[in-house]
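Quick note: numbers below take in every heavy atom, side chains included, and nothing from hydrogens, waters or symmetry partners.
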Number of protein chains: 2
Amino acid sequence: MQLNAYTMKLRRDVFQALADPTRRAILLLLASQSMTAGAIAANFDSARPTVSKHLQILTECDLLAQEQSGREIHYFINGKKMKEVAEFIEPFRSMWEGRFSKLEALMKKYKI
Amino acid sequence: MQLNAYTMKLRRDVFQALADPTRRAILLLLASQSMTAGAIAANFDSARPTVSKHLQILTECDLLAQEQSGREIHYFINGKKMKEVAEFIEPFRSMWEGRFSKLEALMKKYKI
DNA sequence: AGATTAATTAGTAAATTAGTTAATGAGTCG
DNA sequence: CGACTCATTAACTAATTTACTAATTAATCT
């Protein structure tokens, strides 16, 4: 079997999915409501198959789920998957919001 | 609203930097203390110039800052930049932690 | 049935990325 | 000064990503 971009197993994790600005815009679009592939694509300049591909990538890594109704496919966000990203940045939170963040930064820097 | 290359952020941004697992590991390493390039590289199998490149990318997008001391370069995290990621995730938070997340999801889905 | 619509899959080209080894720059120390 | 060390830059390759047009699948409408 010939392997191509569609059949090959590629690296697909949440962070890689978020790396593309179009995909982030899709997620923000869907934050308020679910939409069909066509309605989503209407918000972008890219060709429809391009948006379709982005939707597939987001779905593969579980950031989106789909539900077919007739010939339309509705896409909606899987909030739980976003949690993975939130958990990654959690250890850094104190670095931008704590009162003592500057002091802490210095202490870390000089390994006190 | 039409989203295009003007309204979207271009490459080499925080999200693109986080897409690589080695770079995420570097950030986690530095979460507890600053380290020299050599000490960081010692934690990975990649060749040193490879790690150096990752450090450069992380520095370019301000996730890391560097400070030279003699011939060593100390790298440390710029927590504020992480905030950008946190802010992107924020609108989705209710989707994984709210009591009513399932109900909300349904309401959004059917645009009630 | 035939035409239309919604969306994906296929195939291909261009750009970007991550990795390598070799070479270079710049402190440190005998 | 010359050898050694820390780290980056240069040059190159292989793999991956993103994009497009054309073709296909499947549901709906007249």
Whole-Å gap separating P (dA7(C)) and CD (Gln56(A)) = 15 Å

Side-chain heavy atoms of Arg23(A) within contact of Gln16(A), under 4.5 Å | yes

Expected list for residues 24-31 of chain B: side-chain donor-acceptor pairs under 3.5 angstrom, two or more places apart:
residue  : atom : partner  : partner atom : Å
Arg24(B) : NH1  : Leu18(B) : O            : 2.7
Arg24(B) : NH1  : Ala19(B) : O            : 3.3
Arg24(B) : NH2  : Asp13(A) : OD2          : 3.4

Euclidean distance, atom CD of residue Glu60(B) to atom P of dT17(C) [Å, nearest integer] = 10 Å

Arg71(B), nearest nucleotide to its side chain (from dG27(C), dA7(C), dA7(D)) = dG27(C)

Can you tell which of dA10(D), dA7(D), dA19(D) lies closest to the side chain of Ala37(B)?
-> dA7(D)

Report yes if at least one side-chain N or O of Gln68(B) is closer than 4.0 Å to OP1 or OP2 of dG27(C); otherwise report no.
-> no

Interatomic distance, Asp45(B) CG vs dG19(C) P [rounded to whole Å] = 11 Å

May I ask you to verify if any side-chain N or O of Ser46(B) is less than 4.0 angstrom from the OP1 or OP2 atom of dA18(C)?
-> no

For dC6(D), take OP1 and OP2 only and decide whether either is under 4.0 Å from a side-chain N or O of Thr36(B).
-> no

So what does Tyr75(B) touch, heavy atoms closer than 4.0 Å: a base, only the sugar-phosphate, or nothing?
-> sugar-phosphate

Taking the side chain of Ile73(B) as heavy atoms from C-beta outward, which of dA22(C), dA22(D), dA7(D) is closest to it?
-> dA7(D)

Can you check whether His54(B) has a side-chain N or O nearer than 4.0 Å to OP1 or OP2 of dG19(C)?
-> yes

Reckon Ala47(B) touches a base, only the sugar-phosphate, or nothing at all at heavy-atom distances under 4.0 Å?
-> base

For the residue pair Phe76(B) and Gln66(B), what are the closest heavy atoms and their distance?
-> CE2-C, 4.2 Å

Measure from the side-chain N and O atoms of Ser52(A) to the backbone N and O of Arg48(A), and report whether any donor-acceptor pair falls under 3.5 Å.
-> no

Approximate separation, where rounding is to 0.5 Å, of Phe88(B) CZ and Met82(A) CE | 5.0 Å

Nearest listed nucleotide, side chain of Glu72(A), among dT17(D), dA7(C), dC6(D) = dA7(C)

Within the distance-only criterion (no hydrogens, no angle test), does the side chain of Asp62(A) pair as donor or acceptor with the backbone N or O of Lys81(A) below 3.5 angstrom?
-> no

Closest heavy-atom pair, Gly79(A) versus Trp96(B), reported as atoms and distance to 0.1 Å, is O-CE3, 3.5 Å

Grab the CZ-P distance between Arg48(B) and dC6(D) for me, whole Å please.
-> 7 Å

Gap between atoms CG and P, on Asp20(A) and dT16(C) respectively (whole Å) | 13 Å

Rounded to whole angstrom units, what separation is found between the NE2 atom of His74(A) and the C1' atom of dA6(C)?
-> 11 Å

Validation row: Leu64(A), Ile77(A) side chains within 4.5 angstrom (heavy atoms) = yes

Ser52(B) side chain N/O closer than 4.0 Å to the phosphate oxygens (OP1, OP2) of dT8(D)?
-> yes

So, is Arg23(A) near the phosphate of dT18(D), with a side-chain N or O under 4.0 Å from OP1 or OP2?
-> yes

Given atom CD of Gln66(A) and atom P of dA7(C), what is their separation to the nearest angstrom?
-> 11 Å

Through what angle, rounded to 10 degrees, does the axis of the helix from dA1(C)-dT30(D) to dG30(C)-dC1(D) turn between its ends, using five pairs per end?
-> 10°

Roughly how many Å is it from CZ in Phe15(B) to C1' in dT17(D), rounded to a whole number?
-> 19 Å

Distance check: side-chain N/O of Thr50(A) vs OP1/OP2 of dC20(D), anything under 4.0 Å?
-> yes

